[in-house]
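Just below is one structure, and these are the notes that go with it.
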Amino acid sequence: RPDEVRFSLDIAEDLARRDFTVNALARELPDGVLVDPFGGRGDLKKGVLRAVGNPDERLAEDGLRAYRACRFAATLEFEVAPNLLRAVRRNAAVARGVAWERIGDELAKAMTAPRPGVTFELLRETDLLGHCLPELAACYGVTQNRYHEFDVFDHSLRSCDLAPRDKPTVRWAALLHDVAKPVTKQPKDRDFVFYGHDDQSAELADRAMRRLTLPRELRERACLLIKNHMLHYSPEWTDAAVRRFVRRVGSGNVADLFDLVIADRQAHRRNEDFQLPADISELMGRIESLGVAGAALTVADLAVTGDDLLGLTGRAPGRWVGEMLDRLVDEVLEHPDLNEREALLAWAREILADDR
């Protein structure tokens, strides 16, 4: 970032300080004549991102401009001029000195693009990805098993692109959902497996998003989705198992998890005729038919409270209250009709009697 900014009353001098030609345009007032000393209007029409003047000088003035070039390529769907792309690579050391919150803000803006993967591919090509997201950079060239057409890196970018554009949390989860595959890859039966990569990917993703100073809520929800993205549903699941699944994920996160799983599955191969997987379709239908969203999935959903248990027993407060409420939730997951105050208190009496 520049040490100081000196303002000018000369519009030509002002525009000469801008980063890219498409940002170096002005209108004269009151007649509205376009001021375009660097050909920005033509670049807009051609969809090309060029630096104002010498690209090395522009990038040296502010290291964030390297990240902005990669981000604009995705959000504007522009081509980056070859000399600008080479300059980004030459000035990577300057870009590595940018504050993390500024880098994180640029990458968050990239998530609004039609294809965010363009940004991360350009960051890789210009030697910046290993700085800002080394976890993702390590996935490049890591081959997968026979179910995948792409390596881990390309699969991750495709998953991110296929995730809903209006759901940045899902897109971050899609981008980082497999980042532990390079460290969990093991040979098995002439193929490869990645045991535990879901849990470890969530840990690495948390570290990456903390580094980029992304909002806490986004980070925590994205990591929860990553942790649960290996969905192994089967028709043998009982209704209680379906309710436990929703409880583990959180009813407010189920739709986002399905979005992540669908993007992940779709990104396995080039497939223009992708259909909703049967297991996902069936599980979605069962959740809807069971009305799980309104079921008692947590202690807060119970028809009794800790105070009710204290009044029932006359015992002093302690850890036993929380443990009892958890046991009641487990029972209600099996028998939703039990979630009535008197029925739960009667069940609590039986549990306490058996524990004596």
Side-chain angles (χ1 to χ4, degrees), residues 169-170 173 196 198-203 205-207 209-210 214-261 279-280 282-356:
T169 300
V170 179
D198 41 1
D199 288 335
Q200 292 192 47
S201 291
E203 294 176 6
D206 180 75
R207 184 175 72 186
M209 289 187 281
R210 285 178 184 271
L214 297 179
R216 177 179 176 180
E217 181 181 1
L218 182 149
R219 171 172 53 83
E220 291 180 349
R221 291 188 64 236
C223 289
L224 182 145
L225 298 178
I226 293 171
K227 192 179 182 69
N228 289 280
H229 83 271
M230 292 297 290
L231 184 56
H232 298 296
Y233 168 78
S234 73
E236 287 72 33
W237 278 22
T238 64
D239 290 348
V242 174
R243 287 189 283 267
R244 287 194 175 89
F245 162 76
V246 176
R247 181 191 182 192
R248 182 177 72 252
V249 176
S251 58
N253 299 315
V254 170
D256 287 348
L257 180 60
F258 284 141
D259 285 334
L260 171 60
V261 174
D279 59 332
I280 302 300
E282 182 173 334
L283 180 55
M284 292 171 68
R286 290 189 64 182
I287 290 173
E288 182 177 358
S289 65
L290 288 172
V292 174
L297 302 172
T298 68
V299 168
D301 299 322
L302 290 174
V304 297
T305 65
D307 288 339
D308 291 326
L309 295 179
L310 294 174
L312 173 70
T313 63
R315 295 171 59 179
R319 190 166 63 181
W320 71 272
V321 177
E323 293 173 349
M324 175 63 70
L325 291 171
D326 286 338
R327 293 177 70 174
L328 293 177
V329 169
D330 286 338
E331 189 63 26
V332 170
L333 288 172
E334 292 284 351
H335 308 287
D337 293 341
L338 186 65
N339 193 30
E340 296 180 357
R341 185 174 185 278
E342 294 305 320
L344 290 177
L345 291 177
W347 186 253
R349 290 191 194 95
E350 292 185 27
I351 295 175
L352 291 170
D354 291 340
D355 289 346
R356 288 176 183 169

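Because the structure is predicted, anything quoted here is derived from the model rather than measured.
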Start with the C-alpha gap between E217 and R221, add the side-chain angles, then the distance that decides, and say whether salt bridge (charged side-chain N to carboxylate O under 4.0 Å, His left out) holds.
CA-CA 6 Å; E217 181 181 1; R221 291 188 64 236; 5.1 Å; no
Could you give the distance from NZ (K227) to CG (D206), rounded to the nearest 0.5 Å?
11.0 Å
If you round to the nearest 0.5 Å, how far is CG of L310 from CZ of R315?
9.5 Å
Identify the two heavy atoms, one from V321 and one from G306, that lie closest to each other, and give their separation to 0.1 Å.
CG1-CA, 3.6 Å
Gap between atom CD1 of I351 and atom CD of E323 - 0.5 Å precision
11.5 Å
Give the minimum heavy-atom separation between M209 and R219, together with the two atoms involved.
CE-O, 3.8 Å
Would a 4.5 Å heavy-atom cut-off, applied to side chains only, mark L283 and L231 as touching?
yes
Start with the C-alpha distance between D239 and R243, add both sets of side-chain angles, then the distance that settles salt bridge (charged side-chain N to carboxylate O under 4.0 Å, His left out), and finish with yes or no.
CA-CA 6 Å; D239 290 348; R243 287 189 283 267; 5.0 Å; no
Please list all pairs passing the ring-ring contact (aromatic ring centres under 6.0 Å, His included) test where one or both residues lie in residues 218-241, with sequence neighbours left out.
H177-H229, H197-H229, Y233-W237, W237-F245
Selection residues 308-347 - residue pairs positive for ring-ring contact (aromatic ring centres under 6.0 Å, His included), sequence neighbours left out
none
Sequence neighbours left out, what passes side-chain hydrogen bond (donor to acceptor under 3.5 Å, both in side chains) with T305? Give chain and number order.
D308
L344 versus V332, closest heavy-atom pair with distance:
CD2-CG2, 3.8 Å
Straight-line distance of D301 CG to N339 CG, nearest 0.5 Å:
7.5 Å
Answer whether the closest heavy-atom distance between the side chains of D256 and V249 falls below 4.5 Å.
no
Okay, side chain of S201, backbone of D198: is any donor-acceptor separation there less than 3.5 Å?
no
Minimum heavy-atom separation for A205 and I226, please, with both atom names.
CB-CD1, 3.5 Å
Distance from T169 atom OG1 to N253 atom CG, nearest 0.5 Å?
9.0 Å
Tell me the closest heavy-atom pair linking L257 and N228, and the distance in Å.
CD1-O, 3.7 Å
Which atom names give the shortest non-hydrogen contact between D326 and R247, and what distance separates them?
OD1-NH2, 4.3 Å
Measure the spacing between CG of L325 and CZ of R327 and express it to the nearest 0.5 Å.
11.5 Å
